Amino acid sequence: MASLVLQPRLMIGEGWDNFALIDSGHGRKLESYGPYRFIRPEPQAMWAPRHADWVADAEFIPGSDEDGGGRWHFTTPVPRDGWPLARGDVRFTASCTPFRHLGFFPDMAPVWDWMGAQLAGRDDAATLNLFGYTGVGTLALSQFGPVTHVDASKKSVAQARANATLSRMDDRPVRWIVDDAGKFAAREVRRGRRYDGIILDPPKFGRGPEGEVWRLEDGLPGLIADCAQLLDANSRFLFLTVYAVRMSSLALAGLMAEALAPLGGTIEHGDLAIAESGEHGRVLPTAIFARWSGAGD
């Protein structure tokens, strides 16, 4: 029986050479991505900024409602085709996307490290990255064995492959697949596939390559149930992150506990967060997560 830890945990990311959370407050955050600084909306930054004057190369101005998009306002030239960044051996291209993101999620860094710790010493671990976006997590996993990367966006998968080339990891055993994550997982169950680890980062709302509609509250229970069938008692992890929802991490953990009960192991949940740089830097929450870790071999 899987054991559910009720006490929430924090997974706090720190900055590195190519990224820093400089300051936050009044619903915004100031970050550096390599040589450029950006201001973006951040509803959870309800406190006052530590610094009075923010200097940035661009700011994302949100739309008039919660899901209303927005636009970038540039004060200095920023390469529209992006610029290279790195974390460890993984190199990737950052860019100002129409969705306010910069081409990767820096708060996922402690998740990549945690997954690596679960797979330490392995070079044959088969992992699955659903909603894999631009592939930074996929490339981090690829040092431990074959990875299946799935995303419904052709553009995101193309960028993920380009990031593999930039990282000189073209020869890593990665399957790049443009598909609806839910449909792909269901097919893998029918094929009798098994994975050592699965990571998924589903959006609140989205569409598949053939117009499939994804709504988190409707689709997540079935997807987690399918993921459970792709794991066994010797698998190492299932990691789920969710952004921008009015939901508790305990709800995610309860769903995971129900689906993975027969596998044993441990289920934990809590917040992802990023620590501001400098002395007395605060910790900014960004997402909720639930994770299952198996006993392994």
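Just so it is clear, the model here is predicted, and its values are computed rather than measured. We're numbering straight along the sequence, starting at 1. Any value given below was found using the heavy atoms of this structure, including those in side chains, with hydrogens, waters and symmetry copies removed.
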Quick one: [atom1] on [X] to [atom2] on [Y], what's the gap to the nearest 0.5 Å?
X	Y	atom1	atom2	answer
Trp54	Phe38	CH2	CZ	14.5 Å
Tyr243	Leu216	OH	CG	13.5 Å
Leu252	Ile288	CG	CD1	4.0 Å
Ser24	Ile39	OG	CD1	12.0 Å
Leu272	Met11	CG	CE	6.5 Å
Leu128	Thr148	CG	OG1	6.0 Å

Hydrophobic cluster membership, with links at side-chain heavy-atom distances under 4.5 Å among I/L/V/M/F/W/Y: are Phe104 and Ile274 in one?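 The answer is yes; both residues are in one hydrophobic cluster.
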Mind checking whether Phe237 and Val147 sit in one hydrophobic cluster, side chains of I, L, V, M, F, W, Y counted as touching below 4.5 Å?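 Cluster IDs for Phe237 and Val147 match.
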Between Ala58 and Trp72, which heavy-atom pair has the shortest distance, and what is it?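 Closest approach of Ala58 to Trp72, heavy atoms only: CB-CE3, 3.9 Å.
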Taking all non-hydrogen atoms of both residues, which atom of Gly182 and which atom of Asp226 are closest, and how far apart?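 Nearest pair, atom of Gly182 first, then Asp226: O-OD2, 4.5 Å.
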Evaluate whether atom NE2 of His73 has more than 12 neighbouring non-hydrogen atoms of other residues, nucleotides or ligands under 6.0 angstrom away.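 Counting other residues, nucleotides and ligands, NE2 of His73 stays at 12 neighbours or fewer.
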Would you find more than 12 non-hydrogen atoms of other residues, nucleotides or ligands less than 6.0 Å from Arg215 atom CZ?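 Not buried by this count: 12 neighbours or fewer within 6.0 Å.
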NZ/NE/NH1/NH2 to OD/OE distance under 4.0 Å, Arg50 and Asp23: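 Answer for the salt bridge query: yes.
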Arg175 with Glu188: basic N within carboxylate O range, under 4.0 Å: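 Salt bridge between Arg175 and Glu188, a charged N being under 4.0 Å from a carboxylate O: yes.
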Is a side-chain N or O of [X] found less than 3.5 angstrom from the main chain of [Y], in a donor-acceptor match?
X	Y	value
Arg40	Arg100	yes
Trp176	Asp151	no
Asn163	Thr93	yes
Asp107	Ala273	no
Ser235	Tyr195	yes
Thr75	Ala56	yes
Arg168	Leu166	no

Pair Leu231, Trp292 - check side chain to side chain contact (heavy atoms under 4.5 Å, CB included), show working. CA-CA 11 Å; Leu231 301 167; Trp292 169 81; 4.0 Å; yes
Any pair with a residue in residues 252-291 that passes ring pair (Phe, Tyr, Trp, His ring centres under 6.0 Å), sequence neighbours left out, goes on the list, sorted by first then second residue, please.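 For residues 252-291: Phe239-Phe289.
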Hydrophobic cluster partners of Val283 (side-chain heavy atoms under 4.5 Å):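 Via sub-4.5 Å side-chain contacts, Val283 links to Leu10, Ile12.
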Among Ile199, Leu220, Leu130, which residue meets the side-chain contact (heavy atoms from CB on, under 4.5 Å) test with Leu240?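 Of Ile199, Leu220, Leu130, side-chain contact (heavy atoms from CB on, under 4.5 Å) with Leu240 is met by Leu220 alone.
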Return all side-chain donor-acceptor pairs below 3.5 angstrom for residues 81-92, not counting sequence neighbours, or 'none' if the list is empty.
unit_1	atom_1	unit_2	atom_2	d
Trp83	NE1	Tyr33	O	3.1
Arg87	NH1	Asp113	OD1	3.2
Arg87	NH2	Asp113	OD2	2.9

Show every donor-acceptor pair shorter than 3.5 Å between a side-chain atom in residues 131-140 and any protein atom, with sequence neighbours excluded, or say none if there are none.
unit_1	atom_1	unit_2	atom_2	d
Thr134	OG1	Gly103	O	2.6
Thr138	OG1	Asn129	ND2	2.9
Thr138	OG1	His149	ND1	2.7

Can you pull the side chain to side chain donor-acceptor pair (under 3.5 Å) pairs that have at least one residue in residues 2-19, sequence neighbours excluded?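 Of all non-adjacent pairs touching residues 2-19, those that pass side chain to side chain donor-acceptor pair (under 3.5 Å) are Arg9-Glu268.
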Please determine whether side-chain hydrogen bond (donor to acceptor under 3.5 Å, both in side chains) holds for the pair Gln118 and Ser293, giving the CA-CA distance in whole Å, both sets of side-chain angles, and the decisive distance to 0.1 Å. CA-CA 8 Å; Gln118 307 309 303; Ser293 52; 4.8 Å; no
Tell me which donor-acceptor pairs under 3.5 Å the side chains of residues 255-267 have, and how far apart each pair is, sequence neighbours excluded?
none

Ring geometry between Phe105 and His101 (parallel below 30°, tilted from 30 to 60°, perpendicular above 60°):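 Taking Phe105 first and then His101, their aromatic rings stand perpendicular (interplane angle over 60°).
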